[in-house]
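Here's the structure we're looking at; comments come further down.
Hydrogens, waters and symmetry mates play no part in the numbers below; they use all other heavy atoms, side chains included. Keep in mind the model is a prediction, meaning the values are calculated, not measured.
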Amino acid sequence: MIKVYGIKNCDSVRKALKYLKERGIDFELIDFKKTPVGCEKIDEWLQKVPVETLFNKRGTKYRLLKLKELNLDEAGMREWLCRENLLIKRPVVELENEEILVGFDEEEYRRIFG
């Protein structure tokens, strides 16, 4: 089954969930606020996508923590992702073939899900 990681009130997550529901695709939502992911899961994702893809520099949490000022390298970004799940670009969708999608891109979803 497809797993969708994110938070319910995120616009991108809502768009992804709506897309999947409209096509009758079964999925499980894992809400970061209720079930945080640890470094092990983040490292698993980082095997498949670059840290720059997973790290959300546009979000409120990034601005609140003033992370731009720290000029983080890849190791620093990984450390912050482990510490603060709301820095993860949402949604992260784990497909049954073990690939992952990060963010909502309707074209990409159409290509994968039809």
Tell me whether [X] shares a hydrophobic cluster with [Y], the cluster being built from Ile, Leu, Val, Met, Phe, Trp, Tyr side chains joined at under 4.5 Å.
{"X": "V49", "Y": "L101", "result": "no"}
{"X": "L72", "Y": "V102", "result": "yes"}
{"X": "F27", "Y": "F32", "result": "no"}
{"X": "M77", "Y": "W45", "result": "yes"}

Which atom pair, heavy atoms only, marks the closest approach of [X] to [Y]?
{"X": "K89", "Y": "G103", "value": "CE-CA, 4.3 Å"}
{"X": "V13", "Y": "P91", "value": "CG2-CB, 3.9 Å"}
{"X": "G114", "Y": "R23", "value": "O-NE, 3.3 Å"}
{"X": "S12", "Y": "F104", "value": "O-CB, 3.7 Å"}
{"X": "I88", "Y": "L81", "value": "CG1-CD2, 3.7 Å"}
{"X": "N56", "Y": "Y62", "value": "O-CB, 3.6 Å"}

Could you measure the distance from the [atom1] atom of [X] to the [atom2] atom of [Y]? Nearest 0.5 Å is fine.
{"X": "K15", "Y": "D105", "atom1": "NZ", "atom2": "CG", "value": "10.5 Å"}
{"X": "E108", "Y": "R110", "atom1": "CD", "atom2": "CZ", "value": "11.0 Å"}
{"X": "L46", "Y": "F55", "atom1": "CG", "atom2": "CZ", "value": "11.5 Å"}

- Query: With sequence neighbours left out, which residue pairs that include part of residues 37-60 fulfil the salt bridge (charged side-chain N to carboxylate O under 4.0 Å, His left out) condition?
  - Reply: K41-E44, K41-E94, D43-R78
- Message: Tell me whether N85 contacts the main-chain N or O of V37 through its side chain, where contact means a donor paired with an acceptor under 3.5 Å.
- Response: yes
Quick one: are [X] and [Y] in side-chain contact, heavy atoms under 4.5 Å?
{"X": "Y5", "Y": "L29", "value": "no"}
{"X": "D26", "Y": "I2", "value": "no"}
{"X": "E69", "Y": "L67", "value": "no"}
{"X": "I112", "Y": "L95", "value": "yes"}
{"X": "L70", "Y": "L65", "value": "no"}
{"X": "K34", "Y": "I30", "value": "no"}
{"X": "V4", "Y": "V92", "value": "no"}

- Message: Surrounding CD of E22 (heavy atoms of other residues, nucleotides or ligands, distance under 6.0 Å), is the total greater than 12?
- Response: yes
- Check the angle between the aromatic planes of Y19 and F113 and answer parallel, tilted or perpendicular using the 30° and 60° thresholds. tilted
- Determine, stepwise, if the pair E107 / R111 fulfils salt bridge (Lys or Arg N to Asp or Glu O under 4.0 Å). CA-CA 6 Å; E107 235 176 78; R111 185 180 66 75; over 6 Å; no
- Assess whether side-chain contact (heavy atoms from CB on, under 4.5 Å) is satisfied between R90 and L86, documenting all intermediate values. CA-CA 9 Å; R90 302 176 296 265; L86 295 181; 4.1 Å; yes
- List for me each residue that meets disulfide bond (SG atoms under 2.5 Å apart) alongside C82, sequence neighbours excluded, and say none if there are none. C39
